[in-house]
Every structure is written in C-alpha cells, then in structure tokens.
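Within every chain, numbering begins at 1; the chains are lettered A, B, ... in the order of the sequence lines, protein sequences first and strands thereafter.
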Amino acid sequence: MDLARLQQASAVEWRIGPHGRMRVPAVIFADEDLVRQMDDKVYEQITHVAALPGIVQAAYAMPDAHWGYGFPIGGVAAFDADEGGVVSAGGVGFDISCGVRTLHTGLTVADIAPVKQKLADRLFASIPAGVGSSGKLRLNSVDMDAMLRGGACWAVERGYGSPADLERIEERGCVAGAAPEHVSEAAKRRQRDELGTLGSGNHYLELQEVTQIYDVPAADRFRLRVGELVVSIHCGSRGLGHQIGTEFLKAMVLAAPAHGIDLPDRELACAPIDSALGQSYLGAMRAATNCALANREVITHLVRQVFADVVPDSHLALVYDVSHNTCKQESYTVDGKAKRLYVHRKGATRAFGPGHPGLPPELRDIGQPVIVGGSMGTASYILVGTEASHQLAFSSACHGAGRAMSRHQASRTWHGRALVDELAAQGVLIRSPSSRGVAEEAPGAYKDVRAVVDAADRAGLARKVARLRPLVCIKG
DNA sequence: ATGTGC
C-alpha cells in the first residue's frame, strides 16, 4: 500500500479521511512495514466499508488485515440500527464464528517427551480433519435445532466437554437469538455429520509450549507458565456456516435495490438491521455461531479422551474461547450517547478490557484473553484486552498472522512433504490428510506474527501476555 | 473458509 495515501496518526495508526462516498474515516492499525506490505485491496475495501449506511465512528483494519470477500479480513465495523445501519454477510465472512480456544494441560515438555509421536498420531486419528471430513456424531433434525440454539451448552448437556468450560466461552457458550428456522435445509444437511471435525485451510489443532511471558500478573491469571503445555483448537462452523453465508450473500445482493442500498461493491452485500432479511440473517448467523461453539466443545472432548489415554496425569482446562468471524450487539458510547451497536469482526478478535460486564467474574478485573493464532509451525500469542481498545476499535484486536501470499501462489512455491520434514527437524510434528493443504499454509505465505502482535500491543488494542511455540500440529 | 478451482 502506498503510504502517501494515508495520514499517519502515530507509529502504528494510519487514517484515511472521508472522501467520495465514505461516511466516516477509515483507520489502519499497523507499523510502517506492515502497511507497506498490505495489499492495495485493503485500502479499497476498508474505504468501501466506510461508505455503508449507518456505519459509526470509523471502519478499522487490524495489523493482520488482508484482502477478503467484500470486507478485508482483519476488518472491524459497527453499525447503528437507528441510523439505517446494516448487517453484512460479507462483513462476517463465510466461516461464521471461526475461532480459537486454548486449554492448559498442567503438563510440561518433559512430561510428554516420551509420548510426543504417540500423541500426534492419536490426536490425528481421533479428530477428523480435511475438506468434507465427517465425525462420529449424527444429528437428526430435532438435535440439529437444539444444537443451533444451545451451542457449547448443548454439547455439555450431551456429555461433550465440561460445565466449567462454559464460563470461559464468549456469551457463556451460547449466543442468544439463534433462529434455526432461518437456516436452510441444505445448510443443516451439510452439517449433519460434521460436528466434531476440524475442517481445512488454516484450521488446526496444536500442542504448544509456553516459551515466554510478557505480563506476569495476567499470565498467572490465565494459568500460563513457561515450559508448560497448552492445546489450541482453531476451527469454525464448517459446511453449515459456509452455506448460510453463500445463501444470504446472494439474497442481500438481490434485495439491496428494494432496501434503497446502492452497494459500493456487490461483495459488500448487506441488509438493513431492521429489515426482515437482516433479522433472518442475524438469526441464522447466530445459529451458525452456536454451531461453531458446539464444534469446538465436541473437539475438546475428543482431545481430552486422547490425553486421558496417553498422559493420564493431564487435566485440560479452558483458558478461553474466542470467535473471529462474527456480528455482535454490544454497548458503546458514541458522541456522548449510549448505543447498542452491531459490531462486525471479520478475522478480528473481540478484546474486552478490564471491568467489562461481558467477561466472566473471575477474569473481569484483568480483561479478556485474546488468542492470536500464528501460521503453521510458527508462534502463537495470548494477549489481554485493554480499556483503551474500547474507544480505539470497538474492543477489537488482530486474530492471527494474516496471509501475505495467496493459497494458489503458496501451493506453487512450496511442497507439503518437504515442509513437513523441515518442520519435523525443528521439532514440530505436522499431521495432515492433505499435502497440498500443508503447502498452502506454509509459514512463508503468512505475515510475521510477531510484527502483527507487536503492532497490536503498541497501538493499545491488546497487551502481550505470553508466547506459544508449536510442538504438534494437526492440520486440516 | 468450502460436499475447494484454473
């Protein structure tokens, strides 16, 4: 991106003043190197988002932002229903409520050294991964609707996961307002046997070692200690979310003229929050959110079974579960007025600061754990939400390293087999059903996650707490 | 991201 098109507000904040059809400014949080590397498409997309009806304050891009469908991935935008605000299927993304959860194990590197290979093989055998993979659960239509309404709470009621997990999940594991009646039969059919599966692309399950602590009090509260192991699970709502996204994108494009919306880009398909279509989408999107929460809960159960078998001394407890692709109603003060806004985060993590009522009581004084997943074979980070982020970017932070190269280009640049060998030599065991999938996810196809996290920290979006190094990676 | 797409 050409820096001349931006006004630099600080070392890590760049502004684009309203021009053309923009209703509000656009703001990019990143250091100079990251901004230079950013695709010009991010500029184009974030200014288009700033032109949507009812947008409040500004359109934001996080340090990991890159070209997405309509909205950039790493984009944040909030809309006011009272000002004709919209909800956008492209603003949430196809993989609705894709997210990451991290569990601490109470184990050290030494504890698992003798069984590392066995753990990798057993996790790979137990957690289905890859395109079209299916799990052991089969949901009939009654179960499907109950799951879509109940999320992780449904899973726990069925014996998957534990009640204590729910306190450590956004919205306590179950988003209100889910409307399974607005989820098509096609979407439900695709999901019938996909619960408890990882999926493909950048989804993964990793065994990670805590290698560095930056904030001791927060790390203590999150029970993260150097040399100890955690498990991180990154996945979403599989075929169901994708089907919902596809169907509503189409419907929103078709209905835009009737809603009086002149789309700056048809990929930004949206509908007024107060319209029937907007409400149907919100109901279906919330159902997909619950599907993703149930999925991560079922996978957690499968992971615990493997650990109970291979390392009986372990006790896997959830640190936190964050969603990356969502639209949520949250309270903010804008121009001195209290507002309930519809905050879209696409490839961005909610990052509530200390004192936020949406946090579980035991974490309320310290802030929300923010999990930033790195690319395959590279570090991940745990951060904590700040009070400043509330005003800076609707309590949002980055979600990962962010792609720097297309999948296609990556698959032509690297070979999966060679990458697996290379990473094994560095002590990272990769298990994946797809050699090409591994090539597409090559660490070199991503931005430097450390630079992304440092920029988020310097901008005040969230504060660094701990660094994690992968030991085992089950890749979709 | 995806019962993948050139």
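Using a 4.0 Å heavy-atom criterion, one finds that R192(A) contacts no nucleic acid atom at all. Note on G245(A): nothing from the nucleic acid sits closer than 4.0 angstrom, heavy atoms only. Across all strands shown, G239(A) has heavy atoms under 4.0 Å from sugar-phosphate atoms exclusively, and none from any base. When heavy atoms are screened at a 4.0 angstrom cut-off, S200(A) is found touching base atoms of the nucleic acid. Within 4.0 Å (heavy atoms only), H203(A) reaches sugar-phosphate atoms of the nucleic acid but no base atom. Here Q191(A) lies out of heavy-atom contact (under 4.0 Å) with every strand.
Mapping H408(A) and E441(A) onto DNA chain B via the closest heavy atom, the residue that lands nearer the 5' end is E441(A).
As rounded to whole Å, 18 Å separates atom C1' of dT2(B) from atom CZ of F248(A). Whole-Å rounding puts the L249(A) CG to dT2(B) P distance at 16 Å. Distance I96(A) CD1 to dT2(B) P: 12 Å, rounded to the nearest Å. The nearest whole Å value for the distance from the CG atom in N295(A) to the C1' atom in dT2(B) is 14 Å. In this structure, the NZ atom of K250(A) is 18 Å from the P atom of dT2(B), given to the nearest Å. At whole-Å resolution of the value, CD in Q409(A) and C1' in dC6(B) are 15 Å apart. Taking atom CZ of residue R189(A) and atom P of nucleotide dT2(B), one finds them 18 Å apart after rounding to whole Å. Counting to the nearest Å, the C1' atom of dT2(B) and the CD atom of E194(A) are 9 Å from each other.
For E157(A) and Y160(A), the side-chain atoms include no donor-acceptor pair closer than 3.5 Å. Side-chain N/O atoms of Y332(A) and E330(A) include a donor and acceptor closer than 3.5 Å. There is a side-chain donor-acceptor pair under 3.5 Å between E247(A) and S184(A).
In this structure, E422(A) has no salt bridge (Lys or Arg N to Asp or Glu O under 4.0 Å) partners at least two apart in sequence or on a different chain. Not a single side-chain hydrogen bond (donor to acceptor under 3.5 Å, both in side chains) links R286(A) to another residue, sequence neighbours left out.
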